[in-house]
Amino acid sequence: MNKSLKMILVLTIITIISGSVLSYWDSFTKPIINEYKTNKLDKLILEILPEHNSIEELQLGEHNLYIAKQNEKKVGIAFKVEGGGYQDIIAMIVGVTPDFSKITALKILSQKETPGLGTKIVEDPSNENPFWFTEQFKNVQLEPEIVYVKNEKPSKDNEIQAITGATISSKAVVNILNTNIEKVKKMYNEKQ
Amino acid sequence: MEEKSKTTNVKPKKKDPRAKLKKPNRIPMLLKSSPHLRSDYSIEKIMRGVLLALLPTTVLGVIFFGWYALLMIFVGIVSCVLTELIFNLVSGKKFKLTDGTSVLTGLLLVLTLPPSFPIPGVILGSVVAIFVGKMIFGGLGYNIFNPALLGRAFLQASYPVKMTTWTLPKYVGADAITGATPLGLFKFEHIMTNIKPLILGNIGGTIGETSALVILIGGIFILIKKYADWRIPLSYIGTVFILGGLFWLINPAQYPNPFFHIFAGGLMLGAFFMATDMVTSPITTKGSWIFGIGAGIVLITIRLLGGLPEGVMYSIIFMNGLVPLINRYTRPKVFGEVKK
Amino acid sequence: MPHKKHTLLQEFLKGIWKENPILISLLGLCPALAVTVSAENGLAMGLAATFVVVSSSIIVSILRKIIPPQVRIASFIVIIATFVTIADRFLAAYYPDISSNLGPFIPLIIVNCMILGRQEAFASKNNILRSFLDAVGVGIGFTLVLVVLGGVREILGSGTIFGIEIMWSSFHPWAVMILPPGAFLALGLMIGASNWLNELGEKK
């Protein structure tokens, strides 16, 4: 047999077999993977959004908005935001009121901050409430934008307290929220 | 640390093996390679001098931060000496108890730690400094990085919280108040500290970096005694001053003035006692200038543009890594060598 | 390279210590450094790589007379990629937490030089039984090092092993060990220690 023909033939056959094995395997695992993914996201979205009886999805640019409705009335919106932290991307899910006036809840999905310092944005073992950082965002006003204060309790509605020793990570969370919520709000209002 | 004395490049004195072979019919002729002139510098002598130069800073640190600081220094030195001893015993090398270099490493390491650092952490840092920083490279003279700074870098990455918890000196206020360092205050809160306390030392900081003046006295002593190359501290501090000054001239509101840069933080301690370490700094004079200027550029970049308030440790470690390369490119030409 | 004939047992054992892919050949260091923040991650990564190296060695050994030498690397890569994708999808479906921990490093097994190295240096020249034994040995050697490395880093960096707290309560974990520098440090010391042990063994 011709040498180059053999080369082409063998490689093609290997690739075809590989492709068919994989497509079979994919048809087998894909449903399970998808189910897990939606479950995980659903669970988070459910935790973020206030009480509701239906969820409407809306694609705005790169953001996927989940709008919660209680008896056809909008009660809350949740979406994923991300941006640069101290070392890597910080991804969060944020819930806001339908008029984008304040935050209802915040969950950090993934981050790679300095262990023991920046990771306090997720869990702070030194505090009696380890989740105080994200929880303090509840009911924070978005007009004017969120600001952070240091070493003191927040006194205004748009203030949150930064973590001592992890100012950069705290600042990053605030910045990501400010820029992304503003952006989504603009797109959302244009759409309406 | 100072096996290769820079002034003469002495090799350890060996007995000429041929001296033993007594062959009566031959006139004994000794062939020896250069250098033929030797200085009377020895590792022990230099170490004693450097330790003496660090004494004022150490005493001041103990006065400022109390007996706990003295305990830390003691533990640091003992752990360093013991680590070296145990390594030598296990690997079956010939050794002396200590030639003083481990004592210096232990002392320098503790001087760069916050005054309330836990004792187990001091031991860990000392073990890492000597074991990872020096012994596994082959011991004194072969290490690439300054062992004390390597130990500190390990602690910085291991205990980021404890390494940035500062206790203010006794005379600032009540005992054991936590406060930020002047550089931290500048970086995160934008508060400038006056120059006078920086020089005298009643500020927050590591055990050894509080008073720029006292370090300067010790530093000038080792320069006069020629235990260190004056070019490195001069070019290092000079670069920081000039570059810091440039930033300050461009925007005085945002950047601190250059005097703040040279007196705050660990620059004085680093420039005189760590960057000048003979093993981990270049052997040529031109190389010394490059080393100091490079470290200054890295330091200003970290302090003004980076995420950390202080960058003395990383700037010196970074330049330590470049030393083999600097040595290679600044090697003086051999007489008669043709330029390629 | 001229290959001295080993007995079947030697073929199997050599990958575990004498020709350990990480400690001796220094192959496959990328996953070894990147994912070993815990013993569990190390074990999962090791098992996935073992599965891939064993399956591809068998297939490559079967096909060794059919594959023309000019396209052998391409064929090996396609075969390896197939098994890697199977392993990746399997983990994503049944062990989603491990899958998200290991992230892109499971797909990256495809370009792991340890696995391609076994195909090129061994499976493409030996019969199925020998290739199988060789691959299993190498896989076990790889997994062992990853588990030990992950275990050391987890104990020192988080104070736990397989998620169970074992250090005394006043122990402060060395955060550096679960950061990238800790991986280099621990692996370097491990390689040093294995060389030292070998030297001790030779002296006796």
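Computed over heavy atoms, backbone and side chain alike; hydrogens, waters and symmetry mates excluded. Here is how names work: the chains are called A, B, and so on, in the same order as the sequence lines, proteins then strands, and each is numbered from 1.
- The environment of CH2 in Trp196(C) is sparse: at most 12 heavy-atom neighbours from other residues, nucleotides or ligands sit within 6.0 Å.
- Atoms CD1 and OG, on Ile80(C) and Ser18(A) in that order, are 11.5 Å from each other to the nearest 0.5 Å.
- Annotation: maximal heavy-atom pairing with chain A below 4.5 Å, among Val78(C), Ile59(C), Ile79(C), occurs at Val78(C).
- The number of heavy-atom neighbours closer than 6.0 Å to NZ of Lys69(A), taken from other residues, nucleotides and ligands shown, is above 12.
- Shown here is Phe28(A), whose CZ atom has no more than 12 heavy atoms of other residues, nucleotides or ligands within 6.0 Å.
- For the options Leu22(A), Ile32(A), Ile14(A), heavy-atom pairs under 4.5 Å to chain C are most numerous at Leu22(A).
- More than 12 heavy atoms of other residues, nucleotides or ligands shown are found within 6.0 angstrom of CD on Gln70(C).
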Practice item. Kindly indicate, with the supporting measurements, whether the criterion side chain to side chain contact (heavy atoms under 4.5 Å, CB included) is fulfilled by Asp97(C) and Tyr36(A). Key: CA-CA 11 Å; Asp97(C) 291 334; Tyr36(A) 170 77; 3.5 Å; yes
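- Here the straight-line distance linking atom NZ of Lys30(A) with atom CZ of Arg89(C) works out to 8.5 Å at 0.5 Å rounding.
- Residue-environment remark: CZ (Phe184(C)) stays at or below the threshold of 12 foreign heavy atoms within 6.0 Å.
- Annotation: maximal heavy-atom pairing with chain A below 4.5 Å, among Ser75(C), Pro69(C), Ala93(C), Ala74(C), occurs at Ala93(C).
- Separation of atoms NZ (Lys6(A)) and CD1 (Ile67(C)) is listed at 9.5 Å; rounding is to 0.5 Å.
- More than 12 heavy atoms of other shown residues, nucleotides or ligands fall within 6.0 angstrom of atom CZ in Phe12(C).
- Rounding to the nearest 0.5 Å gives a distance of 8.0 Å between CG of Leu63(C) and CD1 of Ile17(A).
- Contact annotation: the side chain of Tyr24(A) never approaches that of Ile86(C) to less than 4.5 Å [non-hydrogen atoms, C-beta and beyond].
- Contact annotation for Phe90(C): both backbone and side-chain heavy atoms come within less than 4.5 Å of a heavy atom of chain A.
- Interface residue Asp26(A): only side-chain heavy atoms are found under 4.5 Å from chain C.
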